[in-house]
Engineer: 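Questions regarding the structure given below will be posed in turn.
Quick note: residue numbers are just sequence positions, from 1. Note that the coordinates shown come from a computational prediction; the quantities given were computed from them, not determined experimentally. One-based numbering, in listed order, for ligands and for the atoms of each.
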Amino acid sequence: MPFTLPTLPYAFGALEPTIDAQTMEIHSQKHHGAYVANANKALEGTRWADQSPEAVIKALGEIPDDKRTAVRNNAGGHVNHSLFWTVMAPGDGGGGVEPSGALSDAIKDSFSTVQQFKEQFTAAAMGRFGSGWAWLIYHPGEKKLIIASTANQDNPLMGKAVAGCEGVPILGLDVWEHAYYLKYQNRRAEYVAAWWGVVNWGVVGQLYAKAR
Ligand code: MN3
C-alpha cells in the first residue's frame, strides 16, 4: 500500500489566529502531499513499498544508496507532518493548556519545570538555522525525555543518521519557513511563542505513554 495523505483532524482555519487557514491548507495539502508522492515514487517496486513510513525511516541505512536521500527527505517529511498535525488542536484540544499526569512528571524529571522545558524547546526551535524541526523525544535507553532539533525532514526515529537525537518523538514543531511565513514572515520567535497555545497535550501524553 502506498503512503496516503492523512485527513486533518480539524478544519484548515481551526488553529486561527495562531496558524492561518491558507498556511494550513497549503502546508498540509501541497507540502505534505508532495512528500507523500515523492516517497511513494522512491519506494515503488522495492520491498519497502508495503512497510509503514515509520518502519521505512527506522531502516534508513538499509535503503539502497540511490534512493536513500529521497526516502530520508520524503518519508521523513511524511512521518514528521503526520505527527505535527495531531499534536495541535483548537483551543485546549481537550488535553488542557499544560501537560498533565505522567507526562508532566516526566517533563519535570528531565527539565525541572514545565517553564524550563518550554524555554529549552523554544531555544532548540530558534537555534535551528534554516529548515528543520524541534522535538521532544523519549530516549528509551536513558528512559528520559530529551529536546533536540534536526535539519530538513530528519526524524529522531532515523537512529544513527541523527546521532544525538535518537528516540521516539512525542512532540514536534516544524520551523521551516513554509510553516509560518505567510503570517509571521521572518518572525519565527512569534510563531513559536504562539504555537504553545495550540499544542494538544492530551495527544502528547498518549504518545509518551505509548513510547515508554
Ligand atoms: Mn512543513
Engineer: Which residues pass the side-chain contact (heavy atoms from CB on, under 4.5 Å) test with Lys183, sequence neighbours left out?
Structural biologist: Pro17, Asp20
Engineer: Have a look around the Mn ion (ligand 1) and list protein N/O/S atoms under 2.8 Å, or say none.
Structural biologist: His27 NE2, His81 NE2, Asp174 OD2, His178 NE2
Engineer: Judged by atom type as modelled, is there a donor-acceptor pair below 3.5 Å linking the side chain of Asp174 to the main-chain atoms of Ala179?
Structural biologist: no
Engineer: Would you confirm whether Glu166, through its side chain, and Gly164, through its main-chain N or O, come within 3.5 Å as a donor-acceptor pair?
Structural biologist: yes
Engineer: Write out all pairs satisfying side-chain hydrogen bond (donor to acceptor under 3.5 Å, both in side chains) with one or both partners inside residues 125-145, taking only residues at least two apart or from two chains.
Structural biologist: Arg128-Ser149, Trp133-Gln153, Trp135-Thr150
Engineer: Show every salt bridge (charged side-chain N to carboxylate O under 4.0 Å, His left out) that has at least one partner inside residues 63-82, sequence neighbours left out.
Structural biologist: Asp65-Arg68, Arg72-Asp154
Engineer: Give the minimum heavy-atom separation between Ile137 and Ala148, together with the two atoms involved.
Structural biologist: CD1-CB, 3.8 Å
